[in-house]
Amino acid sequence: MITSLLIANRGEIACRIIRTARKLGVRTVAVHSDADAKALHVRMADEAVHIGPSPARESYLVGERIIAAAKETGAEAIHPGYGFLSENADFAQAVLDAGLVWVGPKPDSIRAMGLKDAAKTLMADAGVPVTPGYLGEDQSPERLKAEADAIGYPVLIKAVAGGGGKGMRRVDEAAAFMDALESCKREAASSFGNDIVLLEKYILSPRHIEVQVFGDAHGNVVHLFERDCSLQRRHQKVIEEAPAPGMDEATREAVCGAAVRAAQAVNYEGAGTIEFIADASEGLRADRIWFMEMNTRLQVEHPVTEEITGQDLVEWQLRVASGEPLPKRQDELSINGWAIEARLYAEDPAKGFLPSVGKLDYLYLPQRPHHADVRIETGVEEGDEISPFYDPMIAKLVVHSRDRMTALDDLADACAGVACHPVRTNAWFLARLCDAEEFRDGRVTTGFIGKHADDLTAHPKPSDDLLQEVAEHFISALWSDESGYHHRTLRFDRGLSGFRLNRAPSFKVTVQWNGQAVPIEFDMGLYDRGTEWEPSTGSIKDTDEITVFEDGAYFDFALASRGKVGAALSDGALIAPMPGKVTSVDVSAGEQVTKGQRLLTLEAMKMEHGLVAPFDGVVAELNVEAGAQVQVEAVLARVEAAEK
Ligand code: ADP
């Protein structure tokens, strides 16, 4: 087993790898850019090396700097994580040339799968079904057009060097083909420096099914079953699960068997994923699932496979890289229960998924004891920063349950339980997805989010119950204000029922939310719960402002208006902020009082509230006696400052 490991990555995956390395007694070395100098992966590792400025191009993508860092720290091996240099065959080769262990497949395997056309040809030769289409060398527009006509529309034009959903064009009719081809080639040339394209039948009702495979240096290859990643936004995965809904045993065997053949065809070592596209118009059928591409690295969504198989895939990677055989044989692997992962991002779905960068002043990720079964994979903690330089992922939330429905419920709960401020997250969007009927029925295709975008991304609104709690907060905050000086005041507009003894009265409390004045009809009958309340998932409180979290979203409320009450208070007036009964008067007019001294007691909302002197001075005005009923905003007393 290797004894030391440099992790050429950042964020959650770097932390994830460090955790397993530590479990195995492997010393860890982190690398970091300027922006990540204090990042969690740096704090977790045994050692850390600064490799350059914040932009990834100048740090995490600079192979020589990373290899030099491994040399300097005596690290024996390099784990690339995912993204960055993980699928760069030249970097893998350079690592090997430097005499280091590369935790990944051989550079040749990466190269063989690097271009989509070559990979498809290789797969077809290995007996793996590939999406019907044209892979030809003749790239003349006329020939491509003729092939597209023969395939039948819609067709998909794909740049062979494309990735991340870029360099793809769907063409729905022959007349649109030439323009689409031209623009696809232009994009491919500028993004990938290679304008060669292939054509594919565009699969309607497509589902994304992928199979986790693993190979070792001794010629063994196994699969760890499939994942379904059909819930995508612009070809980016949002929620992933394992196993795939509706996958029967025979179909599973066919697909996983094809995946193993695919890995064998490139003498695969380490963790890899074979991605398939399925035409799910009539459910999952073995003859309608085709090879799309191979990812020659550990995937973001590997935890769902770990959960259903009970394996640690990073441990497998480190063992295989150390020359050990695979920890399990195929017949020792089986599926247990259902696992689903959601990618929690710092972005605002209501604003076109605009990244929301900045400091995580407040961050609560679901955890024990409220959410016992959630696994969190994260690279940040409260107080850390989501930087504009990298992928704004905050965490992955992974649940593992006995069946799919329970897992979906657990994940919905977990997403709804996320509380983050002031950075915006997609937690509420994820929670909505978990509750979406079509998803629960296992019927989603890759177009689901696009089709339902309006409903799924509509701005969250606070519930009526939440508004009641907010009103209650302002009312009790007012009363418990330590200074006793009601310089921060609520504006109470009496509700229609007013204050009557024989029925629960109601008030209108006007608060500010999202730049609007929101009147809340506050039902005093609900006040029984007492002053100390907590919204279900927490809050950040201040007398003037409150942030509350609900269903994965947050809402900032502020008092709407200080109005005349505020003005009156500035001269030391004690105002009744709500109707009530004066139960005692502890001072007399003209008396010297000190700051904080209790002057009156008011009973309102079934509780007694002491009104205290806002500063040292004399009681200049005393307008009530014990037993008096007072109305809201009544000036009960006035203190004049001592200096005057
Ligand atoms: P990339 O390398 O850019 O990620 P892929 O070939 O993996 O490109 O495809 C990305 C996504 O595009 C898939 O997950 C799927 O949603 C969609 N897609 C790819 N090929 C087809 C096809 N032939 N028909 C319909 N959708 C497709």
Side-chain angles (χ1 to χ4, degrees), residues 82-83 86-88 110-124 128-135 144 147-148 150-172 177 180 184-185 187-211 226-241 244 255 259 262 272-281 284 287-297 299-301 343 391 439 443-451:
Y82 53 70
S86 62
E87 292 182 277
N88 184 319
I110 301 177
R111 271 189 202 104
M113 291 296 185
L115 291 178
K116 291 181 201 285
D117 55 345
K120 275 183 84 172
T121 306
L122 191 70
M123 290 300 106
V128 177
V130 301
T131 323
Y134 172 71
L135 298 169
L144 289 167
E147 293 291 344
I151 294 165
Y153 296 91
V155 297
L156 191 63
I157 308 175
K158 272 189 192 180
V160 300
K166 255 189 162 179
M168 291 201 290
R169 291 287 185 287
R170 172 183 167 159
V171 189
D172 287 313
F177 184 84
C184 186
K185 277 186 172 283
E187 181 175 301
S190 75
S191 299
F192 312 109
N194 177 343
D195 76 347
I196 296 177
V197 297
L198 59 81
L199 304 178
E200 271 179 11
K201 174 96 197 132
Y202 189 88
I203 310 301
L204 298 165
S205 305
R207 270 175 64 183
H208 177 115
I209 304 289
E210 57 183 38
V211 178
E226 81 281 359
R227 296 184 285 254
D228 187 324
C229 313
S230 300
L231 221 40
Q232 305 182 347
R233 195 179 74 81
R234 302 196 177 169
H235 303 308
Q236 298 286 330
K237 297 160 187 166
V238 177
I239 290 183
E240 306 102 341
E241 62 187 299
V255 178
T273 294
I274 315 289
E275 295 190 332
F276 295 90
I277 189 163
D279 168 356
S281 50
L284 291 178
D287 59 350
R288 295 200 189 162
I289 301 181
W290 301 282
F291 170 87
M292 204 159 44
E293 67 173 351
M294 178 170 194
N295 289 317
T296 51
R297 54 171 160 81
Q299 304 268 105
V300 176
E301 59 273 23
R343 301 186 186 190
D391 183 57
F439 180 40
R443 282 184 289 127
V444 309
T445 63
T446 57
F448 179 81
I449 291 177
K451 200 167 76 193

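Indexing begins at 1, ligand by ligand and atom by atom, following the structure's order. Just so it is clear, the values below take in all heavy atoms, side chains as well, and ignore hydrogens, waters and symmetry mates. What you are looking at is a predicted structure, and each value in this text was computed from that prediction instead of being measured. By convention here, the first residue in the shown sequence is residue 1.
Under the side-chain contact (heavy atoms from CB on, under 4.5 Å) criterion, R170 pairs with P154, L156, D172, Y202, L204, sequence neighbours left out.
Between the CZ atom in F276 and the CD atom in E293 there is a gap of 12.0 Å [rounded to 0.5 Å].
Under the 4.5 Å side-chain criterion, counting only non-hydrogen atoms from C-beta, M294 is not in contact with M123. By the 4.5 Å heavy-atom criterion applied to side chains, I203 and R288 are not counted as neighbours.
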Would you mind writing out a table of all protein N or O atoms found under 3.5 Å from any N or O atom of ligand 1, naming both atoms and giving the distance to 0.1 Å?
residue	atom	partner	partner atom	Å
ligand 1	2 (O)	K116	NZ	2.5
ligand 1	2 (O)	E293	OE1	3.3
ligand 1	2 (O)	E293	OE2	3.2
ligand 1	3 (O)	G164	N	3.0
ligand 1	3 (O)	G165	N	2.5
ligand 1	6 (O)	K116	NZ	3.3
ligand 1	6 (O)	K158	NZ	2.8
ligand 1	7 (O)	E293	OE2	2.8
ligand 1	8 (O)	K116	NZ	3.2
ligand 1	12 (O)	H235	ND1	3.1
ligand 1	14 (O)	H208	ND1	3.1
ligand 1	14 (O)	Q232	NE2	3.2
ligand 1	16 (O)	Q232	OE1	3.1
ligand 1	20 (N)	K158	NZ	3.0
ligand 1	23 (N)	E200	OE1	2.9
ligand 1	23 (N)	K201	O	3.0
ligand 1	24 (N)	I203	N	2.9

Could you please spell out the steps behind the salt bridge (Lys or Arg N to Asp or Glu O under 4.0 Å) verdict for R207 and E226? CA-CA 12 Å; R207 270 175 64 183; E226 81 281 359; over 6 Å; no
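By the 4.0 Å N-to-carboxylate-O rule, E87 lies close enough to R297 to be salt-bridged with it.
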